[in-house]
Structure formats: structure tokens, C-alpha cells
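Computed from a predicted model, the values in this text were never measured in an experiment.
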2 protein chains.
Amino acid sequence: MSFKAPVAQIDFILNHVVPFAEVAATERFAEATAETTSAILDEAGKLCSNVLVPLNMAGDHHPAVLENGVVRASPGYAEGFRAIAEGGWVGVSADPEHGGMGLPQALNMAVAEMMSGACLALQLNPLLTQGQIEALEHHASDELKALYLPKLISGEWSGTMNLTEPGAGSDVGALVTKAEPAGDGTYRISGQKIYITWGDADFVGNVCHLVLARLPGAPKGTRGISLFMVPKYLPDDQGNPGVANSLKVVSLEEKLGIHGSPTCVMSYEDATGWLVGAENKGMAAMFTMMNVARLGVGMQGVGVAEAALQKAVAYAVDRNQMGPIIQHPDVRRMLATARAEVFAARAIALACAVAIDLERATGEADHAARAAFLTPIAKAYGTDVGIRVADMGVQVHGGMGYVEETGAAQYLRDVRITSVYEGTNGIQAMDLVGRKLSDGGDAAMRLLDEVLDGAKAAQGEHPELAHQLWQAAETLRETTLALLERELPQRFAGAVPYLNAFARVLGGHYHLRAALAGNGAHRAMARVFMARVLPRNAGDLAEAVAGLDDLAGVDDAALAGDFAA
Amino acid sequence: MSFKAPVAQIDFILNHVVPFAEVAATERFAEATAETTSAILDEAGKLCSNVLVPLNMAGDHHPAVLENGVVRASPGYAEGFRAIAEGGWVGVSADPEHGGMGLPQALNMAVAEMMSGACLALQLNPLLTQGQIEALEHHASDELKALYLPKLISGEWSGTMNLTEPGAGSDVGALVTKAEPAGDGTYRISGQKIYITWGDADFVGNVCHLVLARLPGAPKGTRGISLFMVPKYLPDDQGNPGVANSLKVVSLEEKLGIHGSPTCVMSYEDATGWLVGAENKGMAAMFTMMNVARLGVGMQGVGVAEAALQKAVAYAVDRNQMGPIIQHPDVRRMLATARAEVFAARAIALACAVAIDLERATGEADHAARAAFLTPIAKAYGTDVGIRVADMGVQVHGGMGYVEETGAAQYLRDVRITSVYEGTNGIQAMDLVGRKLSDGGDAAMRLLDEVLDGAKAAQGEHPELAHQLWQAAETLRETTLALLERELPQRFAGAVPYLNAFARVLGGHYHLRAALAGNGAHRAMARVFMARVLPRNAGDLAEAVAGLDDLAGVDDAALAGDFAA
């Protein structure tokens, strides 16, 4: 059985669970009618099933390699990328002025989810290019836009994101890469960057690096960082790839998974770059890129979860051990719980995308606040679900799951990165309880009010589901108020469980909506979610308010196993 | 930083947390004094740190290979195995009559844990040999014992366990391998077996396969299975390896991890075998082997968890991102929770081993019942903790965790098998709520009474910890009573969460004992466990009694993603 793109599931969520209709009702996104949406999803689904799925194992078995300084992509990746580019899928949400489709992020993210489920390692390439497009659209000069955007959107060129350095991971402000004005409006960039996804590709004409670096005399920390466009080949007068820039791929990392995606160590030595945005405002530009990328990574988790779950179900239907194992209560429990969580994670991510679209279409602050609040949840929960479901898939396969030939283990190896990159899930959780609660809890409370109102309205039709959700939302509200009273380090000690609990309440909310709008299958899934997933909030919310004291009482030696002291 | 065998941690648990002193007080195990115990642990710890640790990555990078029908082990494995054998570590608990040390399983398991943390792939070899020794000691004829036991115990030969066939995994009764009487007291064994760990090894003189097969006219299912000894080389008159038997390794599996451990497809064609135990009673003999192996696998989880946690702590101490990341509340939360869980899993496994020892030394049914009840918990919780902690280790390492060179990912890949083999953790949980509650809950209640008594007794010294544990144990008692009222399929639908909850209550019990007997570090860890781990029981116990109805309401199509119906 091969991966079937979840077109109908996504369509249902857009039409009945998240307010995508409000997006389509705006002037900006008037073209996103129900028909267009369905057609786009269908088309993308076909691309996934027909072209991308076979590349997934090919990339795992034949990783990208570095040969004479050039990255040779896995077999079939060039054709796969060409199909993505020619379908216009790089530019789903990009500005039509430069060749994009100008469609909502909700659609772009839906497509991203399906492509991730089909072939995560290749999908990373357009995902990063999309992030670069976003950054350029918002921050670059008109000249840079005119030169780069059409080629990035068409897939002629691809884009990367260069933040991390050996000493600067989560602490971006510690980076030391230098940028010196060359006197001609360009800059000389020197430094080493690591973990550069698709730092080179042999199926595009140019690879455009957005590089964070420090100008001479720049302030320390994140306030002294500027962003530069540093292309592999310097564009000539016609905008075509010309002279090679002074940069190179030093090596590729040997990784647990996504073997088809080259993870590069990049070296820049007086490479020519162009400033993007204002001096020392690189972090702001990078955040534009990162926010969409974060949601995109959440979607990757959902996509791989969907694919892993489909594979596990297919195996459980076929595998007989005293009857098909899908009939065994424990196997059914694993699969049903996973399906309920995949629905929840997908709905949360699409709700986040819709909030981004509404913000862009209306400019209203409430939508911006909601998008900002949902982004870390969508990223962390989506990727946690991805890992959890892929792990479950291995378990359902039994011994076969541990053998690489089935592909179940590959999903786990591949998706494992998603809770790490684009800000670890711990960073997401700290963002949630720190920055995203810094409005005094307004955004959180507006979301919770919506959940509580929804539960109230559903009391007649689904009294039990509504009651379970109401209680969970109320407890979460109380915990949120308690957290707001605390200092940041105290909040951080419970940030991850708090994020998990918030995600589950949102998941319950969307399940309830699906139960109201959908059929018996949706109602059955909502019952599974409320009975088996939502109750986990009790443990997480207890930990969310546990504070720092117990952790502070543990010394480092004991953590390492030395209890002598 | 390399792995430091947790000698002192184990010593503390044996001396203060589990009733190992009662074992040492028996006549059978009178030699297991505190001094002997410490000396044994120290010696094993040195072997682990000095000899076995370096083999772990070597085996991952240079997997065992099949060359001309012979398995060539990873570099250094021959020397590593020799050191294990010469130290007498294969026969720690084996009968002194045949060269064993005759020491308690608690000590054997402690050594197994340390070796697993040092090099899981190699440790599997003696673990399986030990299982075979157990089976032969209990079920084989005196002739077979005299021939095989001394060589297995000395490590001259090694042993395997042949259950699984392509169509018979968890459903052992479906196996079709045949055994025909040859007329001379031997049997002709024919069939294919899969997932045979260390099905061949080039560092032993003979590989002894215990093979489950069916005699002509045997009843269907598990009641028609017999056990046979089928050695690679037929022993000659002096008991030395003689003529090659008619069996071969067909291929090795390409696996997610434990690359140093060859997982063989074995083929038997009229191979010569000897009956072990009575005809059609092979399952009973196999269970002898499996019970100890199950506890051993639980120990493997603990061992890898310990190693992965040590590595994560060392990284977190070194890695600076706005200060050492071990000081970041979320990283500290991950590490402290992991440390608290490793303690709990280790204590549960050692408590199980102590129950086995007390049963063997006294023959009392209560000890047997306790050992039987704790075995599935020790196996499933130990391995779940192994996987959870190794996964946490990857997360703490951030991007470095996803890069293979650190070894953090290897722990996750290696330990992932432990929740699958020797009966999946789902099977363990079904065993717990099925067979192990079939005494009407007596064994469970005796354990819970002990926990409740312990909590009561600790009220004065540690009122908060005692209260938290008391409540959790009470809730678990109520859930246990509720489960006892249900039919098996209903119990199975909540078996895994029930097992998890039981494990946490036991973990809390042992943490409380450690808090009473130990120092500030132990008390700090107990607080972390009660605040952050034990509260997860609320969600699990809700699911434990959720029953089958919600799962039965979900149809297969919806599980696969088709909600149309």
C-alpha cells in the first residue's frame, strides 16, 4: 500500500472545522473558492502519490552525497523537484506580481503537509525556499525582489536559511559570521554555518543563501545581526547565474534520517552578499522566515504522521495473528489514538494558517495575535504527533517495524528531526509561556473563550463530549491564570507540558466541531480523543505549575547518576 | 565522556530499596553478602567501562555480516565476548554444578543492565545464552545438561531461541516447523525461523539452537509444540563440535539499530535435534526461557537509558547557550524526569529479580506470584523508559543529536527494539491484565497494600511525598477492582495505560523508600518523580477503564483516513 494524500480529510477541516470560509470571503483571497481549493488539493495529491512517494525510500537508500564540492541529489530528486516547480507549488502563497499564485497559506500548508507525507527529504527544499520568498517579500529592496523572487517562485533557483554556527544554536545572538561593506553597496561575508538544509542542489541553477552576519561595530547579541543574500553564483547583468561566489559546502552531516536532504556545513570567505532589510535588523527578517517555516515544520510532522499511520493500518489489516491484528483491542487503541491525534494536529496547524491569512487579508491585530499564539503550538504538537505516530507505526509492525525494508522505521528516523529544527519544541514552549503570554493572556483567553463557547453550544447535541471538553478548557484556563502570576523561569519549568495541554484542548475543540458537522466516523473519532487523549491533560497541567523548586533541588551530579552528595 | 557503570546506584537499591537482604539471608544465596555483591558489581563495572564501551559504536559502524554462510561479528566483538566469558558473566546465576556462580538473579540482572548500557548489541549474546541455560536447567535430560551446560556457562558455546516464523510472531501457536522422530532418539527438524538473534557467531565453538517445532500428529496451537536442541555442529563422542548439522543462516536483517547483533533468518532441513522436556510441552520450557529473558530485556531498557542519560547530562553541562544548558529549566526538567524514571525502572526490575530469587530460595507461592506479576511491568516499563530517555537524549543534544557522530541517536535506534522483542509491550500489558490478574487480583493487591503501608509509615518524615503516593495507590486500587469486573477484551483496551500506571505507583513506592533511606539527592529525585511523573497516572487510569466501546465505534476505513462512511 502506498501513501494516499489526505485530500478529503483536509478539505473537510477547511470547510467545516476552521474558519477558512472567512479567508475565502476576503478580497485578497477571493479566488480561494471551495472549487479552487478542492482542485488545488486534488492536483497536489496526485503529484504526491504519482511522483513523490517513490522518491522517499530512494533518498533513504541513496543519500545525497558531496562530490568535488558539489552536492549530488538522490536518484529521481531532480525530476521530483521539477514536477513540484512546474506545478507552481513553490509559489502557492507567493505574490502574483512575481509569479506566485497568491493563494492562502492554509492551502499552501495543506499542500506542504501532503508533500511531507510523500517525501519529507525533498519537500524540505521548497519549504525553505518558501521561507526565503516570505523574507524577501517583506524585507528586501525592490531590486533584490525583482531579481530573485521570480526565479525562486518558479523553482529555477532554490533558497536556504543560514542561522546556526557551531557556537550559536538556540542562542542565535552568539553568532560571529562577519559582514564588511565592500564600498560598492555589496558586503564581504566570512564565516562558517552549520546544519544548512539543502545548502546545495544540482537540480537548480542557483542556490540563494540568506545569511545572518554581523557588521563591523554592531551591537552584541541579537540586536547586532543583519541579513544578507549570498548566492552561490553572482547574477550577471541579465540576472543569470554568473561567476561563482566565494562560498562552499565543506561537508555533509551523516544523520539519523532525511538522508535525501543534504545537511551542509557551509563556509563563506569574503563571499559577496547584499543586505536584506535594514542594518542590524536581521533577526526581524529572519523571524518572518522562521514563523512560516515553523508552521511548515509542524505540517511536516502531521504529514509524516499521516503516512506512517496509513502504513500501520494497512499492515494491521493484512497481518494475521489469531485474526487480523487491527481487531486486537490494543492495536486498535494505538491506531485510533493516533488517528485522533493526527486530526487534532492537522486542525490546529490549519487554524494557525487561517489566522495568518486573516491577518494578511484584514490587518487586524486579533488575527495576528492568534497566529502568533498558535504557531509554537502547531509546530511542537504537530511534530510531537509526527514522532509519536511514527513510533507507534514501528510498534504495530512488530519485528517487521524494526527491519528497514518496511519503511516504518524510516518514518521515525525522518520525522525525528522535526522536534529539533526551526527551534526545538522546548524553545517553542518557552515562546508560548513567555512572549505569547506577555499580552497578559489575552490571546490565550480569546482562544479558550471560543472553546468554552463551542462546548456550551454543543451541549444539546453531544452532551458528553461537550462536558469533557468544557472541563478540560476550564482547568486549562485556571492553569493559564496561575502561570501568568509566575516569573518566567517558573513558567519555563512547566512550559512543555503546558503547551501539550493547550494543544489537546484545541484538539478537543476541533474534534467537537467535526462531530457536529461530520458523520458517525467523525463522532467516533471525537469520542476516542476525549476518552484517551484529553485526559492526559491532568498530568501535564499538574507539571505545568510544578515550578522550579523541585528541579533546583536536584544537583548536576545526581542527574549524571552520582547520588553521593 | 564515556559510560560509567552505575555500580553505586544499583548497590543502593539492593541495600536500601528492594529486599535483597532477604535473598542474602536464605541458605541458597548465603554467599551473596554485601561485600560479595559490591565486589561483583565493581568487577562488572570495570569490564563495561574498559572493554565493552568502545565496542558499541564499532558495532554500529561495522555491522555483523554474512559471508559464505558464516556470520562475521563486528570488530572487537570476539575479544569483548571472550572477556565476558572469562569473567564468568554468562553463568552468574547458573548452577555451580555445571560451572555457574550460583548467585542471585538480582545480581545477574544488575550486571546485565550495566553491560546493556555499555554495548547492547553484544550483550544480547550472553542474555540469550542465559535464557537457554535456564531452560536446560529446568527441562533438559541429565545427558543434555551434562553435555551443553558447562560449555554454555563457560562461554565456549552460545545459545539462541528459535520461536518466530514468518506467519507466527505473537501467535506462537501458528508455527509450522516440523520435527520427525529419526528412530534413534533424535529428531529431524525442518522449517524456517526468523528474527534469530545471534543465530551465528564466529567467536564460539558451537551455536546451540533451541527450536520450537511440531511432532507428527501434535495438537494444533500452543499445545502441540515441542522444544528441541539443534546445535550448529553435532557433538562428537567427546562432546566436541563434530559434523555440521543441516541448518544454515539464510540472511541477516537490515535493522534500525543493534547493528552489531546479527538477526538471522535460519533454515533447518532435516537437521538433527534432541527433545528438551516432554513432547508437546515446549511452550512451558520456552516460558522458562522467556520469563528471565523478559526481565533481561527490561534491564536492557534501563541500561541504555542510563547510558543515554549520562551522555545527555555530559552534553548539557558542556553546551553553552546563554549559560550551560543544564541550567535551563526545560533541559533540567527533561534530565531530572529521566533520572527519576531510570531510578524507578531499575528498582522495579531489581524488585522483580529479588522476587524470582526468593521464589527459588524458598519455594513460596507468594514470591512466585510477585515475580510473575512484576515481570511484564519490568519488561514494558523498563523498555519504555529506555526509549523515552534515549529520545530525550537526542532532544537535549539538539541538532547534534540528529547527527550520528554523537552516538545519541544510536541509543535511540538500538533501544527501540526492546519494546518489540520478547513479546511486544502490548503483549506484556495483556499478560498483566489477563493472566496476572486471573488470581482475582491477589498479587496486585498484595503489592498495593505494601505500597499503601509504606506511604502510611512515611507520613511523619515525608508527609507530602507520602500523601501523593498514597492517593495514586488508592486510585490504582480502585481501577484494579474496576478492571477485575470486566471481560478480557474490555481490559485489553486499557491494558497498556494500566501497566504504565502500575509501574509509576511502584516507582513512587521505591522513590519513597529511597527518600527515607538515602540522602538529599534521593529526596530531591523523589520529589521530581511525584511532581512530574506520578501525575501522568490520571490520564492513563482514565484510559485504562475506557473500555472497548469507543474503539469498536471506529471503523477501519476511518483509521486509514477515509471518513466518507
A:Arg339 and B:Val554: side-chain contact (heavy atoms from CB on, under 4.5 Å), yes or no, with the steps? CA-CA 10 Å; A:Arg339 174 53 69 200; B:Val554 172; over 6 Å; no
Evaluate ring pair (Phe, Tyr, Trp, His ring centres under 6.0 Å) for A:Phe563 paired with B:His522, printing each intermediate quantity in order. CA-CA 7 Å; A:Phe563 282 70; B:His522 292 103; 4.7 Å; yes
Go through the steps for B:Arg332 and A:Asp556 under the test salt bridge (Lys or Arg N to Asp or Glu O under 4.0 Å), then give the verdict. CA-CA 9 Å; B:Arg332 206 165 184 78; A:Asp556 291 4; 3.0 Å; yes
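Using a 4.5 Å cut-off between heavy atoms, A:Met400 touches chain B through backbone and side chain atoms alike. Contact annotation for A:Leu551: both backbone and side-chain heavy atoms come within less than 4.5 Å of a heavy atom of chain B. With a 4.5 Å cut-off on non-hydrogen atoms, B:Tyr195 touches chain A through its side chain but not through its backbone. Residue A:Arg413 touches chain B through both its backbone and its side chain, counting heavy-atom pairs closer than 4.5 Å. For a residue to count as touching a neighbouring chain, one of its non-hydrogen atoms must lie under 4.5 Å from one of that chain's; by this rule A:Ala546 touches chain B with backbone and side chain alike. Residue A:Ala493 touches chain B through both its backbone and its side chain, counting heavy-atom pairs closer than 4.5 Å. Heavy atoms closer than 4.5 Å to chain A are found nowhere in B:Ala495, neither backbone nor side chain. For chain B, the nearby parts of A:Ile258 are the backbone and the side chain; heavy atoms of each come within less than 4.5 Å. With a threshold of 4.5 angstrom between heavy atoms, A:Asp549 does not approach chain B through any atom at all. Heavy-atom distances place both the backbone and the side chain of B:Ala336 under 4.5 Å from chain A. Contact annotation for A:Glu254: both backbone and side-chain heavy atoms come within less than 4.5 Å of a heavy atom of chain B. Looking at A:Pro166, the atoms closer than 4.5 Å to chain B (heavy atoms on both sides) all sit in the backbone: N, CA, C or O. Neither the backbone nor the side chain of A:Ala316 comes within contact range of chain B; no heavy atom of the residue lies under 4.5 Å from a heavy atom of that chain.
Within the model, atoms CG of A:Asp171 and CG of B:Asn320 stand 9.0 Å from one another, a figure rounded to the nearest 0.5 Å. From A:Asp330, atom CG reaches atom CE of B:Met430 across 5.5 Å, with rounding to the nearest 0.5 Å.
For the set A:Leu559, A:Val420, A:Asp562, A:Val313, the count of heavy-atom pairs under 4.5 angstrom toward chain B peaks at A:Leu559. Taking B:Ile326, B:Thr164, B:Thr424 one by one and counting their heavy-atom pairs under 4.5 Å with chain A, the maximum is reached by B:Ile326. Looking only at heavy-atom pairs under 4.5 Å with chain B, the residue among A:Ala552, A:Ala168, A:Ala312 that has the most is A:Ala168. Among the candidates B:Glu253, B:Arg527, B:Arg333, B:Glu306, the residue making the largest number of heavy-atom pairs closer than 4.5 Å to chain A is B:Arg333. The candidate with the highest count of non-hydrogen atom pairs below 4.5 Å against chain B, out of A:Ala538, A:Gly553, A:Ala560, is A:Ala560. In terms of heavy-atom pairs under 4.5 angstrom with chain A, the leader among B:Ile427, B:Ile194, B:Val403, B:Leu534 is B:Val403. Among A:His397, A:Gln9, A:Met530, the residue making the largest number of heavy-atom pairs under 4.5 Å with chain B is A:Gln9. Put simply, of B:Gly518, B:Pro6, B:Ser170, the one with the most heavy-atom pairs under 4.5 Å next to chain A is B:Ser170. In terms of heavy-atom pairs under 4.5 angstrom with chain B, the leader among A:Val533, A:Asp391, A:Leu548 is A:Asp391. Among the candidates B:Ala564, B:Gly398, B:Gly169, the residue making the largest number of heavy-atom pairs closer than 4.5 Å to chain A is B:Gly169. When each of B:Gln327, B:Gln490, B:Arg536, B:Met525 is checked for heavy-atom pairs under 4.5 Å with chain A, B:Met525 comes out on top. For the set A:Val496, A:Thr263, A:Leu335, the entry with the most heavy-atom pairs within less than 4.5 Å of chain B is A:Val496.
Closest approach of B:Glu404 to A:Leu256, counting heavy atoms only: OE2-CA, 3.4 Å. Here the closest heavy-atom approach between residue A:Ala542 and residue B:Pro535 is recorded as CB-CB, 3.8 Å.
Under the 3.5 Å distance criterion, the side-chain polar atoms of B:Tyr402 are matched with a main-chain donor or acceptor of A:Gly257.
Residues B:Ser419 and A:Gln395 bring a donor and an acceptor atom of their side chains to less than 3.5 Å of each other.
Side-chain contact between A:Arg416 and B:Val394: present, with at least one pair of heavy atoms (C-beta onward) separated by less than 4.5 Å.
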